[in-house]
Novice: 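My questions all concern the structure below.
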2 protein chains.
Amino acid sequence: MLTTSIANPSNVTSLAERRLLHETVVDQLRDLIVQGELAPETKLNERVLAERLGTSRTPLREAIKFLASEGLVELLPNRGAVVAALKPEKMQEVFVVLGALEALAGDLACRNASEADIADIRALHYHMLAHHARGELAHYFRYNQQIHQRIIDCAGNATLAQAWRAMNAHVKRARYLANLSGERWDKAVKEHEEMIEALTRRDGAKLQMLLRDHLANKLVMVMEALQARKTEVVR
Amino acid sequence: MLTTSIANPSNVTSLAERRLLHETVVDQLRDLIVQGELAPETKLNERVLAERLGTSRTPLREAIKFLASEGLVELLPNRGAVVAALKPEKMQEVFVVLGALEALAGDLACRNASEADIADIRALHYHMLAHHARGELAHYFRYNQQIHQRIIDCAGNATLAQAWRAMNAHVKRARYLANLSGERWDKAVKEHEEMIEALTRRDGAKLQMLLRDHLANKLVMVMEALQARKTEVVR
DNA sequence: TCGGCTATTTTTGCATACAAAAAATGATTG
DNA sequence: CAATCATTTTTTGTATGCAAAAATAGCCGA
């Protein structure tokens, strides 16, 4: 699942908690950044943030260092940390790398996925189609993400999966800005259709290519969204 | 010392670069792990390690969290952290991902590298040849690493470079175990020869292929080294 | 001797205290 | 009035303190 239930605002003390505070803080902070609640280039005030997350500065700082390694925050010596900027150039870089990783994953998935795996992915695909038909963007994104995630998982390479997740965090962040136009959305769905087909036929070379193209198109959408945001700010 | 001498051109972190204890500790700890001074699966005792690095537990813990995100250490809830294990399966995974990243970098480098860049890389190559001729393994490795690093840098994608560095850390760690046999070593050098040639001709497709093969061969060597270490322990 | 229980020690996880650096404020002077 | 510098305030970076969990040692009984 994408987000851990954030429900728990206050105490962690009452129940016997297996999970470490550090991890929950990492997840909470990552969600705040990915979902845009902490906008790009926002300064992270440790005292304020720690209070907001119901913890002290120590675990928060550890979480910040962890996310810095993922690239979601940037460390400024003696000046704390800021949410990583969301620059077009950075997005281009991320998409290039993500393209290579997904292409690899697609190829591996075609070899390693079980029939049950493929059936699952196809099921997710139909859910996604349903939400597309109803114009339910948020739900569409959710299933879209799950499909990509499952393809990665089917590659059977945990290291690849982790690298992908880190890159994908940046993309997800941009997604929250994107307003899919009807025609672009239809095109994306069509591409998914072909991807599912290639996966079913276990045509690794084809899937690889489709994933690359799909990502290239996503990049175009994200860049447009970033451009729109920029002019909006200026206006 | 390897990492410090690299005098890095492409920035891993942000613009403002000033010395901070945290960064120092991260680099020191990473070196200890990569160079095998802290062996795989070693428990990291915070008090002892902090004293060894001349600092307190707080910055050390932050460094540990940072490296955990890079995958060099593993966090055990309520039981601290250990140096990541060096398992054959993990190595296979890393090499597959690294193959995709280097292939991508090779392709991009063929397009983006300046003539001066290529000349630099060729110069490094000849240094490497010299050390190979003299059987100076450590120096050979150093130039070998620099060549790969420079190819990555020439791709002109800082995000790619960072992902590569993280993966490469795992490989470097395994390197310190590897004793190159004469014939394998000769083969590796020959592969480098071809790579330099492809880069000079800016034949991206060819370089991509060569890098993949080169890495596949490296994997074989690493696996043999791991196997040897295992039997050695058993014996 | 061995296994399991409790008590002690060690170690981790989190909070807080303190010092140094940066930012904000304000006063003085040209 | 602006600019610069000194002073206060805030924020970060590091060390330390303390409670809880884990590891270890010691003890007893079968």
Side-chain angles (χ1 to χ4, degrees), chain A residues 4 6 8-30 32-33 38-69 72-85, chain B residues 12-30 32-33 38-69 72-85:
Chain A
T4 59
I6 315 176
N8 154 33
S10 58
N11 69 333
V12 200
T13 49
S14 56
L15 291 178
E17 194 78 355
R18 254 326 118 188
R19 198 144 188 244
L20 284 182
L21 187 50
H22 157 74
E23 288 183 43
T24 71
V25 173
V26 166
D27 289 342
Q28 286 180 321
L29 189 51
R30 189 192 286 114
L32 287 177
I33 294 173
L38 288 173
E41 298 179 83
T42 304
K43 194 170 181 325
L44 298 179
N45 184 308
E46 296 178 0
R47 192 175 46 77
V48 172
L49 246 186
E51 191 152 350
R52 178 170 177 183
L53 298 182
T55 180
S56 78
R57 284 176 57 213
T58 306
L60 172 63
R61 282 177 60 89
E62 292 179 1
I64 288 174
K65 295 300 186 297
F66 193 93
L67 292 178
S69 183
L72 283 180
V73 313
E74 287 170 16
L75 303 176
L76 313 176
N78 289 316
R79 300 180 61 190
V82 297
V83 178
Chain B
V12 176
T13 50
S14 60
L15 314 158
E17 298 279 346
R18 213 164 293 172
R19 302 259 165 83
L20 201 55
L21 186 50
H22 160 72
E23 283 294 333
T24 313
V25 174
V26 165
D27 288 342
Q28 283 180 317
L29 188 51
R30 189 192 285 115
L32 287 177
I33 294 173
L38 288 173
E41 299 180 81
T42 305
K43 194 169 183 325
L44 298 179
N45 184 306
E46 296 178 359
R47 192 177 45 78
V48 172
L49 203 52
E51 190 152 349
R52 179 169 176 183
L53 299 182
T55 180
S56 78
R57 286 177 56 215
T58 306
L60 172 63
R61 282 177 60 88
E62 292 180 0
I64 288 174
K65 296 298 185 296
F66 193 92
L67 292 177
S69 183
L72 283 181
V73 313
E74 288 168 15
L75 303 176
L76 312 176
N78 288 317
R79 299 180 64 194
V82 298
V83 178

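Note on naming: letters A, B, ... go to the chains in the order of the sequence lines (proteins, then strands), and numbering restarts at 1 for each one.
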Novice: Just how far, in rounded Å, is C1' of D:dT12 from CD1 of A:Ile64?
Specialist: 11 Å
Novice: Is there side-chain contact between B:Lys65 and B:Leu75, with heavy atoms separated by less than 4.5 Å?
Specialist: yes
Novice: Quick one: CG on B:Leu53 to OG on B:Ser56, what's the gap to the nearest 0.5 Å?
Specialist: 11.0 Å
Novice: Suppose we call a contact any N or O donor and acceptor under 3.5 Å apart; does that hold for the side chain of B:Thr55 and the base of D:dT14?
Specialist: no
Novice: Quick one: which of C:dT16, D:dT14, C:dT12 gets closest to the side chain of A:Ser56?
Specialist: C:dT16
Novice: What is the separation between atom CG on B:Asn78 and atom C1' on D:dA21, rounded to the nearest whole Å?
Specialist: 6 Å
Novice: So which one's nearest nucleotide on DNA chain D is more toward 5', B:Arg79 or A:Lys65?
Specialist: A:Lys65
Novice: Side chain of A:Arg47: nearest nucleotide among D:dT14, D:dT11, C:dT11?
Specialist: D:dT11
Novice: Measure the shortest side-chain to side-chain distance between A:Glu23 and B:Pro77 over non-hydrogen atoms and say whether it is less than 4.5 angstrom.
Specialist: yes
Novice: A:Asn45 has a side chain; which of D:dG17, D:dT11, C:dA15 sits nearest to it?
Specialist: D:dT11
Novice: Roughly, in whole Å, what's the span from CD in A:Glu23 to C1' in C:dT12?
Specialist: 14 Å
Novice: Using whole Å, what does the distance between atom P of nucleotide D:dT16 and atom CZ of B:Arg61 come to?
Specialist: 16 Å
Novice: Which comes earlier along DNA chain C counting from the 5' end, the contact point of B:Leu44 or that of A:Lys43, where each point is its nearest nucleotide?
Specialist: B:Leu44
Novice: Contact class for A:Arg57 (heavy atom, under 4.0 Å): base, sugar-phosphate, or nothing?
Specialist: base
Novice: Could you state the atom-to-atom distance from CG of A:Leu49 to C1' of D:dT11 in whole Å?
Specialist: 13 Å
Novice: What's the CG-P distance between B:Leu60 and D:dA15, to the nearest Å?
Specialist: 11 Å
Novice: Please pick, from C:dA22, D:dT11, C:dT12, the nucleotide with the shortest atom-to-atom distance to any side-chain atom of B:Glu46.
Specialist: C:dT12
Novice: Find the distance between CG (A:Leu72) and CG (A:Leu38) and round it off to the nearest 0.5 Å.
Specialist: 11.0 Å
Novice: I need the CD-C1' distance between B:Glu62 and C:dT12, as an integer number of Å.
Specialist: 16 Å
Novice: Nearest 0.5 angstrom please: B:Gln28 CD to B:Leu49 CG, how far?
Specialist: 9.5 Å
Novice: Take the protein atom CD of B:Glu51 and the nucleotide atom C1' of D:dT16, then report the distance between them rounded to whole Å.
Specialist: 14 Å
